[in-house]
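The structure appears right after this line, and notes come after that.
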Amino acid sequence: MDERTRADVERAEAAIVEHYPRLVRLTYLVLPPSMGRHRRVLTAHGLVQRALPRTRLRRPDGGLPAQRGPAPESGYDLVRQRALRLALAYEGQPGRVLPALPLVWGLRLFPRAGGADELALDQALSAVPAAVRAALGLWHLEGLDEDVARAVLARAGAEEPDAAQRAAAQLDLETGAGAAALLSSGEFDPCMVQTRPTDLLRRRQRVRVVAAVAAVLAIGAAVAGAWPDPADRRARTAAQQALDPGRLLRTPNEQWADTSRVDFTAWPVRGRQAGDRKLLARALRVWAAPPADTRIRAAAGTSTRPPDHPPQLLYAGLIDNVMVVVLYDGERLVRYAEPEDATPTLHFARVDAADLTTAGALVIGRGNGWMRYLLAPWISEITTRDLLTPAAPPHGLHVAPDGVTDRIPLPPAAGAGCGRWPVARLRPSTRIVAAGPDTTFLVADLDDLVPAHLSSGPPPSAGAPAGAPAGAPTGAPTGATAAPALRNWARTACSLGSLRGTGVRSVNTWEFARQQLPEGGGSAAWVCTRADTWRGPGSVTLRFLPPAARPADPGRIAGRAGNSAACSRFGPQVVGVVHWQAKSGKGYLLAAGSPGVGGLDATGGVRATAEENTLATPAGPDAPVQVTGRLRAGGSVRAPHP
C-alpha cells in the first residue's frame, strides 16, 4: 500500500486542489473511449480524487527516525503518477467498477462537442492503447520531454513505455501539428461539461415499472396466477422481432431495375459484414435502447424512437476503421457507427417520399475534411466539381464494388470562409425508365445523412402532380448541370452553409427575372433560392446579381422568407427589391417580379409604378419602401424584407 508522511499527503492535497482541471483532463484522455463520455467524465474526476495517498501514522521498524535521502517527491508529480496508474488500470477492463464518487443521478455529463478536427482526433485516439494516449498527454498537456515522459509512464505501470512513445510519435505525425491545440480544446476538457437529462420517458417508465413490481409483490398472494394481457404479449413479440437480426428485410440485388418505386426500398444489401449477426444485433440493441454514452444525431424533425418492426438492411461493413450499419424503416435512415474501442454513434434522418434523386446517395463515413458516399444501385457514374468554379470540368471519382466512393473533400467549416464548395454529379443508369441517357443531377453534403438535391429552374405549375419527373413539360426544376445554372449556383453556393444540419431535402435556384440597370450598368439577374426540408417547411432567399468581375461574386440579398410557399408550385410568384447605386453615385430603387407579375407598385418613402415586371426609380439608400406586384391572373404578391 502506498502510504506517505503527513507532509507528503498535505503537499499532494494542495497539488490536487491547485491543478485539478489539469489532472482531470490528463486522466480523461488516458481512460478508454469505449467507456463513453459520461462515464469517462465521472471516472476521471473520481480517479483524480482517489489519487490522494494515505497518511503513514507511525514510524516504521521501532520508530527510529528515517535517514536522509533524496529530496521528497513533489506533490504534483506524486498525484499525477497515481492518477495515471489508476487510469491505465482500466485498459482492457470495460466492466471495471466506477469510483464511488462523484455520483450523478438523472443527468448525463459530457464535454462540449468540437468540430470535425476534434472528432477525427478522438477517433484516432480511440484506436490506440491507453499508454499511447498517456504519452501524448504527457507531451502536449504536461509539456514533458520524451525522457521524462518515459520515466513517468514506467512509474505509472505502463508495460512498454518506449513502444508507447514510438506509437504516440507516429500518431502525432498522422494527426498533424494541431493535435496539441485540439487536446487543449473543450472536446477533451471534462471540467467544462454540458448537462442533459437521461432518457426521461424511459426513466419514468422504469420508475413506474419498479412501483408496479412493488405493488404486485405486495399483493402477490392475493392475485397470484394472473395472466398478461394478449395485446401486451403481441406488442412485446413485435418489439422482440424488430431486434432479431435474422428478420431484417433484404432486397434482391436487381429489384431496383424492375420496380415502380425507385427509392431506398429498392436498395440491395451491401457490405462485407452483412452476414455478421453479432454486429447487426448490437446495432439493433443500441437503436432500441441507446446506452447513456451513445452519441445521437438526428436531423430536424426526425424521430429517434426504437423500431416497431424489422427494418431493412442497406449496408454493414468497415469504413475507415469504423464498423457501419445502415438500416431503413420505411420512414427513416439510421446509421450505426461503431469505432474500435470508442463510443457508438446513431445518426437518424427522415427520408419519407424519397425518389430517384433524393435516394441517390447517403453519407456512409466522415473524417477530418472529407466524407464518402454510398451510392444507390441505379447510379452508374459519379464525378465531382467545385460550384465556385463553374467553367472547370468535373473530376471522375472511383467507386468500390460495394458502392462506396473514394473520399470527397468537404466545404470549409462555418466561419472558415468559402474558398470552395465541392458537390457530386450523379448519372442514373439508362435502365431506369425516368432517366434519359443525358440525365445527371447534383447533390451537396449539408452535414446530414442524406445529401441535398441541387436543381435549377422555375417551380412546376400549380396543376402539376407532386413529384413530377425532372424535365417534365410542366416546367419543373431540372438538374443544375447546364452552364447557365452552374453560373447562378457559383454566385449562391456559399449560402448553402447556413443550411447545414437542418434536414434539407432539396435546394432550387431560379432566375425569375432579368433587368437592364440604369445608366448603362449592364444586365442583372434576380434569383430565388428555395430550400425544402424533409419535414415540409421551406425557406426562400432572393438575390440580386449585378454584373461581376468574379464568377463567385455572391451579389446582394433582395429578400428572405421562412416557412413560405414562395418560389414553389404552390406559390410560384415572387417579387424582390434592393437599393442600388450607379457608378455616378446616384441611388436607385430596383425591383423585379417573376413572369406572372404584370406590374409593380412602390409605396412609402418612394412612390413609383411600372407596367411590367421590373422597376427602377431614383431613391435614397435609406428610403423605406414596400413593393407590391400585380399578378396577370389577378391578385397581388408583396416583396419580402431582406
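Residues: numbered from 1 along the sequence shown.
We find that Asp447 and Arg297 are joined by a salt bridge, their nearest charged nitrogen and carboxylate oxygen being less than 4.0 Å apart. The pair Asp293-Arg37 does not count as a salt bridge, with every side-chain nitrogen at least 4.0 angstrom from each carboxylate oxygen. The pair Arg277-Asp244 meets the salt-bridge criterion, with a side-chain N (NZ, NE, NH1 or NH2) lying under 4.0 Å from an Asp/Glu carboxylate O. Contact check on Glu331 versus Arg305 returns a salt bridge, with a Lys/Arg side-chain nitrogen under 4.0 Å from an Asp/Glu carboxylate oxygen. Here Arg166 does not pair with Glu146 in a salt bridge; the nearest charged N to carboxylate O distance is not below 4.0 Å. With salt bridges taken as basic N to acidic carboxylate O contacts below 4.0 Å, one links Arg407 and Asp320.
Note that Arg366 lies outside the cation-pi zone of Trp370, set by a 6.0 Å cut-off to the ring centre and a 45° limit from the axis. A cation-pi arrangement is absent between Arg270 and Tyr315 under the rule of less than 6.0 angstrom and at most 45 degrees off the ring axis. With Trp534 as the aromatic partner, Arg505 meets the cation-pi criteria of under 6.0 angstrom to the ring centre and within 45 degrees of the ring axis.
Remark: of the listed residues Val324, Val322, Leu314, Val324 is the sole one forming a side chain to side chain contact (heavy atoms under 4.5 Å, CB included) with Ile364. Each of Leu280, Leu248, Leu284, Asp276 was evaluated against Val325; a single residue qualifies, Leu280, per the side chain to side chain contact (heavy atoms under 4.5 Å, CB included) test.
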Stepwise side chain to side chain contact (heavy atoms under 4.5 Å, CB included) check, Val30 with Tyr90: CA-CA 9 Å; Val30 176; Tyr90 276 77; over 6 Å; no
After noting the C-alpha distance and the side-chain angles of Leu426 and Leu375, does the key distance pass the side chain to side chain contact (heavy atoms under 4.5 Å, CB included) rule? CA-CA 9 Å; Leu426 307 182; Leu375 299 180; 4.1 Å; yes
For a side chain to side chain contact (heavy atoms under 4.5 Å, CB included) check, start with the C-alpha distance between Leu171 and Val128, then their side-chain angles and the critical distance, and finish with the verdict. CA-CA 9 Å; Leu171 180 61; Val128 299; 4.1 Å; yes
Pair Leu144, Arg80 - check side chain to side chain contact (heavy atoms under 4.5 Å, CB included), show working. CA-CA 13 Å; Leu144 305 183; Arg80 181 178 61 194; 3.9 Å; yes
Derivation of the salt bridge (Lys or Arg N to Asp or Glu O under 4.0 Å) call for Arg133 and Glu91: CA-CA 11 Å; Arg133 296 192 296 272; Glu91 181 76 357; 3.7 Å; yes
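Counting only heavy atoms from C-beta outward, the side chains of Pro409 and Pro422 approach each other to under 4.5 Å. Contact check for Pro190 versus Arg40: no side-chain heavy atoms found under the 4.5 Å cut-off. When side chains are defined from C-beta on, Leu327 does not count as touching Tyr336, because their heavy atoms never get closer than 4.5 Å. Tyr28 has its side chain out of reach of Cys191: every pair of non-hydrogen atoms, C-beta onward, lies at least 4.5 Å apart. Residues Val334 and Val326 are not in side-chain contact: their nearest non-hydrogen atoms beyond the backbone lie 4.5 Å or more apart. Considering only heavy atoms from C-beta on, Leu42 comes within 4.5 Å of Pro102 through its side chain. No side-chain heavy atom of Ile16 sits less than 4.5 Å from a side-chain heavy atom of Gln49. Here the side chains of Asp386 and Trp421 are in contact, with some heavy-atom distance below 4.5 Å.
For Gln81 and Tyr76, the side-chain atoms include no donor-acceptor pair closer than 3.5 Å. For the 3.5 Å distance criterion, the side chains of Asp448 and His347 fail to qualify, holding no donor opposite an acceptor.
Taking all atoms of both residues into account, the shortest heavy-atom contact from Pro344 to Pro339 is CA-CD, 4.4 Å. Closest approach of Val351 and Val450 over heavy atoms only: CG1-CG2, 3.5 Å. The minimum heavy-atom distance linking Pro33 with Thr343 is given by the pair O-OG1, 3.2 Å. The minimum heavy-atom distance linking Arg332 with Ser303 is given by the pair NH1-O, 2.9 Å. In terms of heavy-atom proximity, Ala12 sits nearest to Val79 at CB-CG1, 3.5 Å. The shortest heavy-atom contact between Tyr373 and Ala444 is OH-C, 3.9 Å.
When atom types are taken as modelled, the side chain of Arg420 and the backbone of Leu410 share a donor-acceptor pair closer than 3.5 angstrom.
Here CG of Asp445 is found 11.0 Å from CG of Leu362. Values are rounded to the nearest 0.5 Å. Remark: Arg150 CZ to Glu160 CD distance equals 13.0 Å, nearest 0.5 Å. Thr405 OG1 to His398 NE2: the interatomic distance, rounded to the nearest 0.5 Å, is 10.0 Å.
Shown here is Glu159, whose CD atom has no more than 12 heavy atoms of other residues, nucleotides or ligands within 6.0 Å.
The aromatic ring centroids of Tyr20 and His45 lie less than 6.0 Å from each other.
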